K.L.:
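Got a structure for you, questions after.
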Amino acid sequence: MNHGASLPGTRDVYASADLSSIYRKINWRLLPLLVLCYTFAYLDRVNIGFAKLQMQADVGISDAVYGLGAGIFFLGYVLFEVPSNLLLVRIGARKTICRIMILWGLTSASMLFVQGEYSFYALRFLLGVFEAGFAPGMIFFLTYWYSTRRMAGVMAVVMCAGPLGGMLGGPVSAWIMTRFSGAHGLDGWQWMFLLEGLPCVLLGIVAFICLADKPEKAHWLSPQERDLLAADLQTRQAAHATHAFKDVLKDPGIYALAIPYFCLISGLYAVSFWLPTLLQQSGLHDTMQIGIWSAIPYIAAIAAMFVLSRRSDRRQERRWHVTAPAILAGVLLVGALLVPDHFLLSMTMLSLATALMWAAYTVFWAIPSQHLKGPAAAGGIALINSIGLLGGFASPTLIGWIKTSTQSLSAGLYVIAALLVVGVLPILFTRHARMQG
């Protein structure tokens with residue numbers, strides 16, 4: 001008997017077990033830090049919704065000015081996003097994330113100096129400029145570490161930072177604004193910007209020290225682990241590679257993905273920027289109470305993101321895991337607006353709508369990573385994100401303008417609900433979403 005012989009498939013079983021161990025090591029090394037960084041990124045772009053409860057009267061800005069200022073962040077972001085991601089390919093993720101976080105942290109803290117509409121516009125625009133490229137850069141960075149078939153699950157972990165920022169941001173922002181109001185001559189909203197902005201500077205330094213740009217530069221992986229990981233990742237590089245950014249610009253599929261993303265972003269930021277005001281109009285006037293209630297939709301979102309992304313990975317299906325939740329979210333948003341006098345029912349439907357939007361958003365990002373390979377993936381992901389993030393400018397600006405004109409917050413939200421229902425349909429016909437990961 002040949003005791004040295006191995007059973008058929010034994011080597012594959014060992015390789016699979018080793019890969020699982022490697023990916024667990026990568027998960028613990030990268031994901032907690034990235035989630036923390038992204039949580040602050042999301043918090044610093046949407047905490048303006050809570051600041052509005054106090055600063056609107058202090059500074060003297062209308063709902064239209066607030067909506068434009070909230071959205072103008074995305075103009076700065078979009079203008080500088082593609083250059084930021086193309087630069088990331090040259091200088092690496094460590095330097096890029098460090099630079100972005102330090103500059104946006106300082107700018108976010110500087111929001112305490114807002115004196116009127118023009119300083120409000122300027123600082124929100126600069127915040128977008130300095131944060132440009134962070135989210136798509138992070139997504140591109142993860143393609144160096146994870147195979148395509150694992151991406152939806154990884155996206156669920158990283159993207160949960162958005163609802164996590166919303167969940168924690170409400171109570172924390174409300175507590176800061178209440179607890180520190182008047183301390184050392186600063187209003188509560190000024191303290192909120194200061195205390196939520198400065199930690200990003202420290203996190204940028206930590207990211208520079210702890211992150212490795214690629215697996216081959218990770219000293220915490222052994223040579224054998226790097227080789228096994230490289231073999232697994234090679235399968236995602238082999239086919240359908242796009243080699244140049246000019247090819248990305250001419251790819252109609254990129255724009256077919258950007259349209260549904262625009263609609264998803266419009267819905268997400270409509271809720272993020274206007275939820276505190278919506279709760280205030282429903283009869284809640286205590287800032288702390290508003291903060292606590294605002295956390296509920298995001299708790300539901302975190303659960304939905306994990307459930308839907310794992311189901312999508314298990315079935316290797318993306319189209320319906322994006323479109324069906326988005327359409328249902330639009331329907332539920334309309335339902336929530338139709339029963340304003342029934343707070344608990346309205347809040348339940350609004351929470352479910354928010355959860356489904358975030359779940360669709362998470363699975364969506366598994367589609368571009370299937371289609372785009374090689375260095376051009378950074379520019380392609382950034383291009384999709386740039387076009388889509390115009391929804392972050394359009395939705396709060398539109399809602400603010402309609403509210404100022406009609407005194408109705410619901411009218412603008414009906415438009416956003418229609419975008420969610422109709423706008424995600426193109427994804428059903430995109431080749432990328434039908435590919436098996």
Side-chain angles (χ1 to χ4, degrees), residues 42 45-53 55-56 59 61-79 81 117-118 120-125 127-128 162 166 255 258-282 294 297 326-327 329-338 340 346 349-350 353-354 356-358 360-361 364 384-426:
Y42 190 82
R45 70 174 69 167
V46 303
N47 58 10
I48 189 68
F50 288 93
K52 175 182 181 290
L53 300 176
M55 74 176 292
Q56 186 169 19
V59 178
I61 57 175
S62 66
D63 285 319
V65 169
Y66 165 74
L68 179 58
I72 208 170
F73 163 92
F74 295 97
L75 288 185
Y77 197 110
V78 166
L79 287 173
E81 180 167 23
E117 61 181 289
Y118 296 112
F120 180 49
Y121 292 153
L123 284 170
R124 287 292 295 179
F125 179 80
L127 186 64
Y255 302 99
I259 292 170
Y261 188 56
F262 174 95
C263 298
L264 283 173
I265 289 294
S266 295
L268 287 173
Y269 284 105
V271 174
S272 297
F273 288 129
W274 291 97
L275 179 58
T277 301
L278 199 61
L279 292 173
Q280 190 179 53
Q281 289 188 354
S282 70
S294 70
I327 292 170
V331 173
L332 286 167
L333 182 58
V334 171
L337 297 172
L338 290 175
S346 178
M349 288 193 284
L350 182 61
T354 303
L356 289 168
M357 281 188 274
W358 276 105
Y361 168 82
F364 171 87
I384 292 170
N385 202 48
S386 295
I387 296 171
L389 279 181
L390 289 173
F393 170 74
S395 68
T397 303
L398 176 67
I399 293 171
W401 176 77
I402 292 176
K403 186 175 185 300
T404 298
S405 301
T406 66
Q407 302 304 309
S408 170
L409 185 57
S410 297
L413 291 172
Y414 283 128
V415 176
I416 301 303
L419 278 177
L420 282 169
V421 172
V422 177
V424 296
L425 294 179

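Keep in mind that this is a model prediction, so the values were computed, not measured.
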K.L.:
Roughly how far apart are S408 OG and Q281 CD, rounded to 0.5 Å?
P.N.:
8.0 Å

K.L.:
Please indicate whether Y255 has more than 12 foreign heavy atoms, meaning atoms of other residues, nucleotides or ligands, lying under 6.0 Å from its OH.
P.N.:
yes

K.L.:
If every non-hydrogen atom of F74 is compared with every non-hydrogen atom of L389, which pair is closest and at what distance?
P.N.:
CB-O, 3.4 Å

K.L.:
State whether the side chain of R124 and the backbone N or O of I72 hold a donor-acceptor pair below 3.5 Å, judged by distance alone.
P.N.:
no

K.L.:
For Y361, which residues count as a side-chain hydrogen bond (donor to acceptor under 3.5 Å, both in side chains) partner, sequence neighbours excluded?
P.N.:
Y38

K.L.:
Which residue pairs pass the side chain to side chain donor-acceptor pair (under 3.5 Å) test when at least one of the two sits in residues 389-402, sequence neighbours left out?
P.N.:
none

K.L.:
Among pairs that include at least one residue of residues 385-403, which meet salt bridge (Lys or Arg N to Asp or Glu O under 4.0 Å), considering only residues two or more places apart or in two chains?
P.N.:
D63-K403

K.L.:
Using the rule given for side chain to side chain contact (heavy atoms under 4.5 Å, CB included), can you reason through L333 versus L350, listing the C-alpha separation, both sets of side-chain angles and the distance that settles it, and then say yes or no?
P.N.:
CA-CA 6 Å; L333 182 58; L350 182 61; 3.8 Å; yes

K.L.:
With rounding to the nearest 0.5 angstrom, report the CG to CD1 distance, L390 to I265.
P.N.:
10.5 Å

K.L.:
Closest heavy-atom contact between S346 and A336?
P.N.:
OG-O, 2.9 Å

K.L.:
Going by side-chain hydrogen bond (donor to acceptor under 3.5 Å, both in side chains), name the residues that satisfy it together with S386, two or more places apart in sequence or in a different chain.
P.N.:
E81

K.L.:
Grab the two heavy atoms, one from G391 and one from P396, that are nearest each other, plus how far apart they are.
P.N.:
O-CD, 4.1 Å

K.L.:
If you take all heavy atoms of V421 and G330, which pair is closest and at what distance?
P.N.:
CG2-CA, 4.0 Å

K.L.:
Quick check: closest heavy atoms across L420 and A326, and the distance to 0.1 Å?
P.N.:
CB-O, 3.8 Å

K.L.:
In the structure I gave you, are the side-chain heavy atoms of F120 and I48 within less than 4.5 Å of one another anywhere?
P.N.:
yes

K.L.:
Provide the full list of salt bridge (Lys or Arg N to Asp or Glu O under 4.0 Å) pairs with a residue in residues 405-423, sequence neighbours left out, each pair given once.
P.N.:
none

K.L.:
Any chance you could measure L332, atom CG, to M349, atom CE, to the nearest 0.5 Å?
P.N.:
7.0 Å

K.L.:
Hey, what do you get for CD1 (I384) to CD1 (I259), rounding to the nearest 0.5 Å?
P.N.:
11.5 Å

K.L.:
Let me confirm one number: the CG-CZ distance from L398 to F393, rounded to the nearest 0.5 Å.
P.N.:
10.5 Å

K.L.:
Do N385 and Y261 pass the side chain to side chain contact (heavy atoms under 4.5 Å, CB included) test, and can you show the C-alpha distance, the side-chain angles, and the key distance before you say yes or no?
P.N.:
CA-CA 8 Å; N385 202 48; Y261 188 56; 2.6 Å; yes

K.L.:
For the pair Y414 and L338, evaluate side chain to side chain contact (heavy atoms under 4.5 Å, CB included) and give the outcome as yes or no after the intermediate values.
P.N.:
CA-CA 10 Å; Y414 283 128; L338 290 175; 3.3 Å; yes

K.L.:
Has T404 got a side-chain atom pairing as donor or acceptor with A64's backbone, closer than 3.5 angstrom?
P.N.:
yes

K.L.:
Roughly how far apart are L75 CG and F73 CZ, rounded to 0.5 Å?
P.N.:
10.5 Å

K.L.:
So, for I416 and S266, which heavy atoms are closest and what is the spacing to 0.1 Å?
P.N.:
CG2-O, 3.8 Å

K.L.:
Tabulate below the donor-acceptor pairs under 3.5 Å that side-chain atoms of residues 267-279 make, not counting sequence neighbours, or state none.
P.N.:
| unit_1 | atom_1 | unit_2 | atom_2 | d |
| --- | --- | --- | --- | --- |
| Y269 | OH | R45 | NH1 | 2.5 |
| S272 | OG | Y42 | OH | 2.2 |
| S272 | OG | L268 | O | 2.9 |
| T277 | OG1 | K52 | NZ | 3.3 |

K.L.:
Would a line drawn from the ring center of Y121 to the ring center of F125 be shorter than 6.0 Å?
P.N.:
no

